[in-house]
Q: 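Have a look at this one.
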Amino acid sequence: MYANPATAPSRTAVTVPQLHARKQAGEKIVMVTAYDASFAAAVDASGIDVVLVGDSLGMVIQGESSTLPVSLDHMVYHSAAVARGLHKALLIADLPFMSYPTREQAYASSARLIGEGRAAMVKLEGGGWAADVIHALAERDIPVCAHLGLTPQSVHKLGGYRVQGRDEERAERLLADARAVSAAGADLLVLECVPSALAQRITREVAIPTIGIGAGPHCDGQVLVMYDLLGLTPGKRPRFSKNFLAGHDSIASALQAYAAAVRNGEFPAPEHSY
Ligand code: KIV
């Protein structure tokens, strides 16, 4: 019945309950972005647990200056391509900007990412207000990854891509948002560009696994944008990223080095954290 692992879990595939179990067992979760079948297959072969089709594709694939122009059609197209390259890793796809402002729109958009894009989980940005949407999706058994901290879809409101939750009041707000999305039924929580100590506190307090990017070493897992990991991103390297291709002679060994560094606690080091 479950002939195609891209559409249903195989016996060896990473599953949502397994991710919860990893947190309980203290085993790190390794995640990376991918946008096409070839990179997805390389990630899968490296033993990385989760592949994210991020709306970062707007910047690294499409050359835009933000994720805001990315459409649901773009996300579905790239998610379906990535799914064809995967056999084991769990596939998460981003709900793009304004594709989930209401429960109804979130249902319709998630249905496309899961049905056509073959994703096993959808990711959405936002705290308090998003809890209602997360609750609605979770009630329908749609796995959700929440995303807090630096939420790139809010770049104009935030005034740029900068570290969030540095002062006490904002840190408390972030903690409250983390509690809210967890209580609403999210399965994972990405924390982007938040101080290590705050990410550690959130990781201790919420029941769901936290996945950091620029959030220090204490999260339950880590995610990087593929092109940052391979040193391909033009301009200044973001502080939180590391070029794992340096010193390696193939993309496969760079991906394996990244996975090993996350699992043995070497990455992120203090110089990658805030
Ligand atoms: O879009 C993306 O790639 C992301 C990661 C940076 C977490 O949201």
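Residue numbers start at 1 and run along the sequence shown. In listed order, ligands and their atoms are each counted from 1. This is a predicted model, so every value here is computed, not measured. Just the heavy atoms: all of them, side chains too, but no hydrogens, waters or symmetry mates, feed the values below.
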Q: Which heavy atom of the protein is the closest neighbour of atom 7 (C) of ligand 1, given with residue, atom name and distance?
A: Leu52 CD2, 3.8 Å
Q: Geometry only, no angles: is Asp94 polar-contacting ligand 1 at N/O separations under 3.5 Å?
A: yes
Q: Need the ligand 1 atom indices (1-based, order shown) with element for anything under 4.0 Å from a heavy-atom of Asp55.
A: 1 (O)
Q: Only heavy atoms of Gly54, strictly under 4.0 Å: list the atoms of ligand 1 that pass.
A: 1 (O), 2 (C), 3 (O)
Q: Of the listed options (Ser56, Ala34, Pro96), which comes nearest to atom 3 (O) of ligand 1 when hydrogens are ignored and any heavy atom counts?
A: Ser56
Q: Looking at ligand 1, would Met31 count as a contact under a 4.0 Å heavy-atom criterion?
A: no
Q: Quick one: does Ser241's side chain get under 4.5 Å of Val225's, heavy atoms only?
A: no
Q: For ligand 1, is there an N or O atom under 3.5 Å from any N or O atom of Thr33?
A: no
Q: Measure the acute angle between the ring planes of Tyr258 and Phe267, then classify it against the limits of 30° and 60° as parallel, tilted or perpendicular.
A: perpendicular
Q: Minimum heavy-atom separation for Ala120 and Pro143, please, with both atom names.
A: O-CG, 3.2 Å
Q: Under 4.0 Å, heavy atoms only, figure out whether ligand 1 is touched by the backbone of Leu57, its side chain, both or neither.
A: neither
Q: Checking side-chain polar atoms at under 3.5 Å, does Tyr35 have a donor or acceptor matched by the opposite partner on Thr33?
A: yes
Q: Write out the residue and atom name of the closest protein heavy atom to atom 6 (C) of ligand 1, then the distance separating them to 0.1 Å.
A: Ile213 CD1, 3.8 Å
Q: For a quick check under 3.5 Å, do His147 and Gln153 share a side-chain donor-acceptor pair by atom type?
A: no
Q: Which one of Leu188, Val262, Leu19 satisfies the side chain to side chain contact (heavy atoms under 4.5 Å, CB included) criterion with Met31?
A: Leu188
Q: So, His20 and Asp187: side-chain donor and acceptor under 3.5 Å apart, yes or no?
A: yes
Q: Can you tell me if Asp220 uses its side chain to pair, donor with acceptor, with the backbone of Thr210 under 3.5 Å?
A: yes
Q: What protein heavy atom sits nearest atom 8 (O) of ligand 1, and how far away is it?
A: Lys123 NZ, 2.8 Å
Q: Which ligand 1 atoms does His147 reach within 4.0 Å, using its non-hydrogen atoms?
A: 8 (O)
